[in-house]
Amino acid sequence: MPAEILFSFLPYALVTAYTPGPNNILALNAVTKYGLRGSKNIVAGIISGFFAVMFFCALGCFVLGRILPFLTSVLKYVGAIYIFYLGLQILKTKPNEDSAASSCSFKTGFALQFLNVKIILYAITVYSAYVLPKTSSAFVLTMAVLFNFIIGFSGVIVWALCGKIFRKFINKHFRFFNFIMCLVLVWCAYNIIFS
């Protein structure tokens, strides 16, 4: 039964993990700008924060179900504003800027997860629509957290590796690339508010 539950939301998990979103774009942009070594802290922050959000959403899903409309509306706007801000920051950066330490920190990647409405709503949807209606087993819920973490982790790593592979090309055309990445993040923020 646990495998049946996990595979029931696999397509949703894969689409969420591999489509452009704040985590993937931030990882891609960080690796493009600062390389794998220079961006390891922010990628670690993204991954750690992602796990924390999956864990806390799983634990708090029952409570959130009662107050979800209020939290969703607040997080929706806070998250959209933060994502828009990240887009503007990407638009202003240049390759190998000295600000790598502050903009590529573990704390930045970790904090983004608690403002990333895409993954918060994803987690709440998975736990409340796919897992908890079928079982109240702590083991299955823990498996769902680990399953989500592995899929999310793989998505961030794939996008980060794309940043490494295409680094020279992207750095050569950084203005165009930053503009496109900024537009994608603005689009993410727009969709959060208006969808």
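This structure is a prediction, so every number in the text was calculated from the model and none was measured.
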Give every donor-acceptor pair under 3.5 Å between a side-chain atom in residues 155-166 and any protein atom, sequence neighbours left out.
residue: Trp159; atom: NE1; partner: Tyr18; partner atom: O; Å: 3.3

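- Residues forming a side chain to side chain contact (heavy atoms under 4.5 Å, CB included) with Ala44 (at least two apart in sequence, or on another chain): Phe106.
- Here the shortest heavy-atom pairing between Leu6 and Ala144 reads CD2-CA, 3.5 Å.
- At least one side-chain heavy atom of Leu14 sits less than 4.5 Å from a side-chain heavy atom of Leu10.
- Of the inter-residue distances, the one linking Asn24 atom CG with Lys118 atom NZ reads 6.0 Å to the nearest 0.5 angstrom.
- Within the 4.5 Å cutoff, the side chain of Phe51 has heavy atoms near those of the Leu146 side chain.
- The closest side-chain heavy-atom distance from Leu26 to Leu112 is below 4.5 Å.
- Evaluation of the ring-ring contact (aromatic ring centres under 6.0 Å, His included) rule for Phe55 yields no partner, not counting sequence neighbours.
- Residues Phe110 and Ala52 come closest through the heavy atom pair CZ-CB, 4.1 Å.
- Nearest approach of Pro11 to Ser8, heavy atoms of both residues: CD-O, 4.1 Å.
- Taking all atoms of both residues into account, the shortest heavy-atom contact from Ile119 to Gln113 is CD1-OE1, 3.3 Å.
- In this view, Phe179 satisfies the ring-ring contact (aromatic ring centres under 6.0 Å, His included) rule with no residue, not counting sequence neighbours.
- Annotation: the span from Asn116 atom CG to Asn23 atom CG amounts to 5.0 Å, rounded to 0.5 Å.
- Applying the ring-ring contact (aromatic ring centres under 6.0 Å, His included) test to Phe50 and every residue at least two apart in sequence or in another chain returns nothing.
- Atom-to-atom distance recorded for Leu141:CG and Leu59:CG is 7.0 Å, nearest 0.5 angstrom.
- Heavy atoms from other residues, nucleotides or ligands lying under 6.0 Å from CZ of Phe149 number more than 12.
- Remark: the backbone N or O of Met54 is paired with a side-chain donor or acceptor of Tyr127 at under 3.5 angstrom.
- A pairwise comparison of heavy atoms in Ser39 and Val31 identifies OG-CG2, 3.1 Å as the closest pair.
- Between the Ser154 side chain and the Ile151 main chain, a donor and an acceptor come within less than 3.5 Å of each other.
- Closest of all the heavy-atom pairs between Cys182 and Leu88 is SG-N, 4.2 Å.
- Taking the ring-ring contact (aromatic ring centres under 6.0 Å, His included) definition, one finds that Phe7 meets it with nothing, sequence neighbours left out.
- Using a 4.5 Å heavy-atom threshold, the side chains of Ile120 and Phe114 count as separate.
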